[in-house]
Amino acid sequence: MSDPITPKLDFIREIIADDLATGKHATTITRFPPEPNGYLHIGHAKSICLNFGIAQEHPGAKCHLRFDDTNPEKEETEYVESIKADVKWLGFDWGKDLYFASDYFTFFHDCAVHLIKEGKAYIEQQSAEEMRASRGNLTTPGTPSPGRSRSVEENLDLFARMKAGEFKEGECVLRAKIDLASSNMNMRDPVLYRIMHAHHHNTGDAWCIYPMYDFAHPLEDALEHITHSLCTLEFEDHRPLYDWFIENCPVPSKPRQIEFAKLNLTYTAMGKRKLLQLVQEGHVSGWDDPRLPTISGLRRRGYPPEAVVHFCKRVGITKFKGTTDIALLEFDIRDFLNQSAPRRMAVLDPVKVVLENWSAESLTTVEVANHPQNPEMGNRDIPISNEVWIEREDFMEVPEKKFFRLGPDRYVRLKGGHIIRCIGFEKDADGSINLIRAEILPGTVGADSPEGVVCKAAIHWVDVATGLDAEVRIYDRLFTEEDPDGAEGGFLSVINPDSLKTVTARIEPALASVEPGFSCQFDRIGYFIADTIDHQSGVKPVFNRTVALKDSWVKKGGR
RNA sequence: AGCCUCAUAGUGUAAUGGUAACACCCCGGAUUUUGAUUCCGUUAUUCUAGGUUCGAGCCCUAGUGAGGCUACCA
């Protein structure tokens with residue numbers, strides 16, 4: 001792995017260190033609070049690494065996993081499970097601190113009653129449209145509705161009836177009484193509770209009123225004694241409201257909200273709404289499609305979790321809303337895989353080479369290192385006979401100036417084995433090369449090139465007799481584009497629907513029995529992960545490509 | 001239009017008011033039984049204008065640019 005991230009403090013960690021130093025807090029408690037309405041993506045990984053990372057950095061500190069499930073219409077148990085799995089996969093542990101905002105519904109309700117009794121909340125009977133109009137706009141203040149001056153008793157009664165289910169959805173809401181003239185729209189008497197006659201994944205039908213995020217979130221944090229509530233930039237304008245609830249409700253602690261910029265990646269559609277659309281419209285096979293930037297997609301793609309975490313640390317935490325080049329992420333993937341992935345040989349686009357002077361006395365196996373820089377990973381023996389497959393692009397009938405591999409009357413080394421010389425080739429009717437004839441140079445295994453032999457490259461190969469077939473899926477980054485004409489539900493278009501290419505490769509025998517999740521490097525191609533393996537219909541492993549060996553190879557070979 | 005936030009190489013991130021740096025990308029070179037890795041090197045940076053200061057990327061003011069806010073989503 002490249003150098004560890006320097007122990008520099010980002011501005012949030014500075015605040016936390018300061019609070020610890022001044023004794024404001026004896027310990028630090030953060031939280032990761034996803035709404036279970038979709039799968040997590042790499043952007044969430046940044047938040048997870050921040051919140052859980054801080055907890056790991058201070059003795060006694062911890063990070064809660066809390067499902068912010070205050071909207072029954074969008075949330076599902078399937079998402080709860082996937083989120084837990086994804087956090088674990090990244091290597092973080094919430095211990096016993098697993099919570100659901102929906103478990104606090106009674107507390108939220110009591111706080112609402114408290115506010116009503118204090119004269120700080122009232123029942124609003126205007127429609128959503130009327131409220132919008134009476135709230136004013138960016139330059140003109142709002143105007144009070146009739147409900148704003150209702151008595152405490154009346155409000156209490158109305159709220160109780162609201163909770164009892166006497167009203168239909170939309171008939172009334174509970175609003176905070178703050179400041180209709182505030183320059184911050186969030187302070188213009190925000191809605192606290194709305195009526196939803198919906199089934200909740202956790203509380204079932206126990207409630208028909210549900211709290212809004214702005215109201216519930218500070219209370220959740222306070223209840224859990226969160227010291228630092230870290231969220232993304234779009235909640236900046238909500239902070240005064242967050243603080244207002246903390247000040248005006250009977251809460252057991254005073255958390256502080258701090259905002260940071262969310263992750264943006266080049267070429268990458270982020271955001272649950274867009275991902276949901278890609279899934280629903282069938283552009284991908286599911287939330288864990290390897291073309292998606294979901295955590296589960298990255299997992300299937302073979303990205304090591306350690307590398308994803310390293311990337312998140314490297315990107316850092318700021319309030320600057322930039323777009324990170326995906327090359328930064330892929331560097332970390334390569335960097336990690338380069339050290340951990342054993343080398344194997346495979347040929348994705350095969351051409352047969354016949355070794356004309358091979359005889360029964362010739363080499364029948366060659367010994368190849370599993371990793372060129374790490375002898376501890378050992379060696380393996382690969383059978384070889386008089387016919388091998390090589391990559392079509394490793395032969396040029398008319399070699400270019402900087403082409404070092406095989407061509408008529410040229411030399412190349414079969415990796416781990418002999419140097420061979422091309423002595424002829426045959427073509428199909430359509431002009432494509434279908435057979436190469438070569439001869440072995442005796443005594444060149446494990447030895448330098450003999451005098452007068454120019455051999456500057458070693459190519460990968462697979463023995464024809466013992467090689468196996470494998471399916472290799474090469475995934476491209478899924479390019480997407482905002483559709484300006486698209487209304488709701490149709491605002492994304494996929495630019496490269498052909499982002500998945502499947503080829504049948506020839507692989508060396510050692511790859512026949514790998515387990516799903518095993519990652520390796522096919523020489524000179526890229527890093528691969530064993531995905532689903534079909535042991536039923538004969539031995540047919542399936543590999544996904546993770547990243548190409550070099551970033552520029554992607555760009556040249558790409559779109 | 002009002003309020004809020006942000007601005008440092010192509011990208012991301014550093015720099016207590018004291019020599020502007022690190023990583024990625026790109027390009028070049030050396031080594032290499034992976035055109036990988038490793039090693040070395042090149043290019044390139046404080047949005048603008050004022051002010052405070054011996055000294056400003058950092059503090060102040062104004063401007064410019066970008067983003068957010070007028071949900072019974074989170």
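Protein chains get the first letters and strands the later ones, always in sequence-line order, with residue 1 at the start of each.
A:F522 is linked by a ring-ring contact (aromatic ring centres under 6.0 Å, His included) to A:F528, A:F543, counting only residues two or more places apart in sequence or in another chain. Here A:P34 pairs with A:F32, A:L40, A:L65, A:F67, A:I83 under the side-chain contact (heavy atoms from CB on, under 4.5 Å) rule; sequence neighbours left out. Take A:D394 and apply the side-chain hydrogen bond (donor to acceptor under 3.5 Å, both in side chains) test, not counting sequence neighbours, and it matches A:R405, A:R524. Taking the ring-ring contact (aromatic ring centres under 6.0 Å, His included) definition, one finds that A:H460 meets it with nothing, sequence neighbours left out. Residues that satisfy the ring-ring contact (aromatic ring centres under 6.0 Å, His included) test with A:H217, not counting sequence neighbours, are A:Y213. Residues meeting the ring-ring contact (aromatic ring centres under 6.0 Å, His included) test with A:Y122, sequence neighbours left out: none. Every residue meeting the salt bridge (charged side-chain N to carboxylate O under 4.0 Å, His left out) condition with A:E439, not counting sequence neighbours, appears here in chain and number order: A:R421.
The residue A:V445 sits close to a base: some heavy atom pair falls under 4.0 Å. Using a 4.0 Å heavy-atom cutoff across all strands shown, A:T444 reaches at least one base atom of the nucleic acid. Using a 4.0 Å heavy-atom distance criterion, A:G142 is classed as making no nucleic acid contact. No contact: A:T140 has no heavy atom under 4.0 Å from any strand. Here A:T266 lies out of heavy-atom contact (under 4.0 Å) with every strand. Counting any heavy atom pair closer than 4.0 Å across all strands shown, A:E391 reaches no nucleic acid atom. If you check every strand for non-hydrogen atoms under 4.0 Å, A:M212 touches sugar and phosphate atoms only.
Taking atom CG on A:L219 and atom P on B:A74, their separation rounds to 13 Å, with Å as the unit. Taking atom CD1 of A:I326 as the reference point, atom P of B:C24 lies 17 Å away to the nearest angstrom. Between A:E220 atom CD and B:A74 atom C1' there is a gap of 10 Å when expressed in whole angstrom units. Note: CD1 (A:I123) to P (B:C72) measures 15 Å, nearest angstrom. Between A:N379 atom CG and B:U33 atom C1' the separation is 13 Å, expressed in whole Å. If you take CD1 of A:I384 and C1' of B:U33, they are 14 Å apart, rounded to a whole angstrom. As a whole-Å value, the separation of A:I42 CD1 from B:G12 C1' is 14 Å. Regarding A:L192, its CG atom lies at a distance of 15 Å from the C1' atom of B:C73, rounded to whole Å.
Taking atom C1' in both B:C58 and B:A21, the straight-line distance is 15 Å, to the nearest Å. Between B:C39 and B:A44, the two C1' atoms lie 23 Å apart (nearest whole Å). Atom name C1', nucleotides B:U8 and B:G65: the rounded distance is 16 Å, in whole Å. Here the separation of B:G12 from B:U19, taken at their C1' atoms, is 24 Å to the nearest Å. Rounded to whole Å, the separation between the P atoms of B:G10 and B:G29 comes to 24 Å. Taking atom P in both B:G57 and B:G51, the straight-line distance is 15 Å, to the nearest Å. Rounded to a whole angstrom, the distance from the P atom of B:G67 to that of B:G50 is 28 Å. Rounded to a whole angstrom, the distance from the P atom of B:C6 to that of B:U13 is 14 Å.
By the 30° and 60° cut-offs, the orientation of the rings of A:Y104 relative to A:F108 is perpendicular.
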- [ ] If a protein heavy atom is under 4.0 Å from the base, mark B; if only from the sugar-phosphate, S; if neither, -; do that for nucleotides 61-70 of chain B going 5' to 3'.
- [x] ------SBSB

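Between A:Y210 and A:F105, the ring center distance clears the sub-6.0 Å criterion. Taking the centre of each ring, A:Y193 and A:F159 come in below the 6.0 Å mark.
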Contacts under 3.5 Å, N or O only, protein and nucleotides 35-39 of chain B:
from  : atom 1 : to     : atom 2 : distance (Å)
B:G35 : OP1    : A:R524 : NE     : 3.1
B:G35 : OP1    : A:R524 : NH1    : 3.3
B:G35 : N7     : A:R405 : NE     : 3.2
B:G35 : N7     : A:R405 : NH2    : 3.0
B:G35 : O6     : A:F404 : N      : 3.4
B:G35 : O6     : A:R405 : NE     : 3.2
B:G35 : O6     : A:R405 : NH2    : 2.8
B:G35 : N1     : A:K402 : O      : 2.4
B:G35 : N2     : A:K402 : O      : 2.7
B:A36 : N1     : A:Q373 : NE2    : 3.2
B:U37 : O2'    : A:N338 : ND2    : 3.1
B:U37 : O2     : A:Q373 : NE2    : 3.0

Extract from the structure each pairing of a protein N or O with an N or O of nucleotides 13-16 of chain B at less than 3.5 Å, listing the distance.
from  : atom 1 : to     : atom 2 : distance (Å)
B:U13 : OP1    : A:T318 : OG1    : 2.7
B:A14 : O2'    : A:K8   : NZ     : 3.1

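A:N51 and A:R31 share no donor-acceptor pair across their side chains, judged by distance under 3.5 Å alone. Residues A:T232 and A:E259 bring no donor and acceptor atom of their side chains to less than 3.5 Å of each other. A:N186 and A:R239 share no side-chain donor-acceptor pair at under 3.5 Å.
Taking every side-chain heavy atom of A:S552 into account, B:C26 is the closest of B:C26, B:C73, B:C24.
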Task: side chain to side chain contact (heavy atoms under 4.5 Å, CB included) evaluation trace for A:D463 with A:I382 - done: CA-CA 8 Å; A:D463 179 43; A:I382 307 174; 5.5 Å; no

Task: Worked verdict on A:N202 versus A:S102 for side-chain hydrogen bond (donor to acceptor under 3.5 Å, both in side chains) - done: CA-CA 7 Å; A:N202 183 30; A:S102 52; 2.6 Å; yes

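Within the 3.5 Å criterion, the main-chain N or O of A:D349 finds a donor-acceptor partner in the side chain of A:E391.
Within a 6.0 Å radius of NZ in A:K177, more than 12 heavy atoms belonging to other residues, nucleotides or ligands are found. Annotation for A:K456: atom NZ does not count as buried by contact number, only 12 or fewer foreign heavy atoms lying within 6.0 Å.
For the atom pair CD of A:E508 and SG of A:C520, the computed distance is 8.5 Å after rounding to the nearest 0.5 Å.
In secondary-structure terms, RNA chain B builds stems of at least 3 consecutive Watson-Crick or G-U pairs, each pair having both distances under 3.5 Å, at B:2-7 with B:64-69, B:10-13 with B:21-24, B:27-30 with B:38-41, B:47-51 with B:59-63.
For A:I525 and A:T323, each mapped to the nucleotide of RNA chain B holding its nearest heavy atom, the one lying further toward the 5' end belongs to A:T323. If you find the closest nucleotide of RNA chain B to A:L329 and to A:T324, the one lying nearer the 5' end belongs to A:T324.
Near RNA chain B, meaning a heavy atom under 4.0 Å away, the residues from residues 172-182 of chain A are A:V173.
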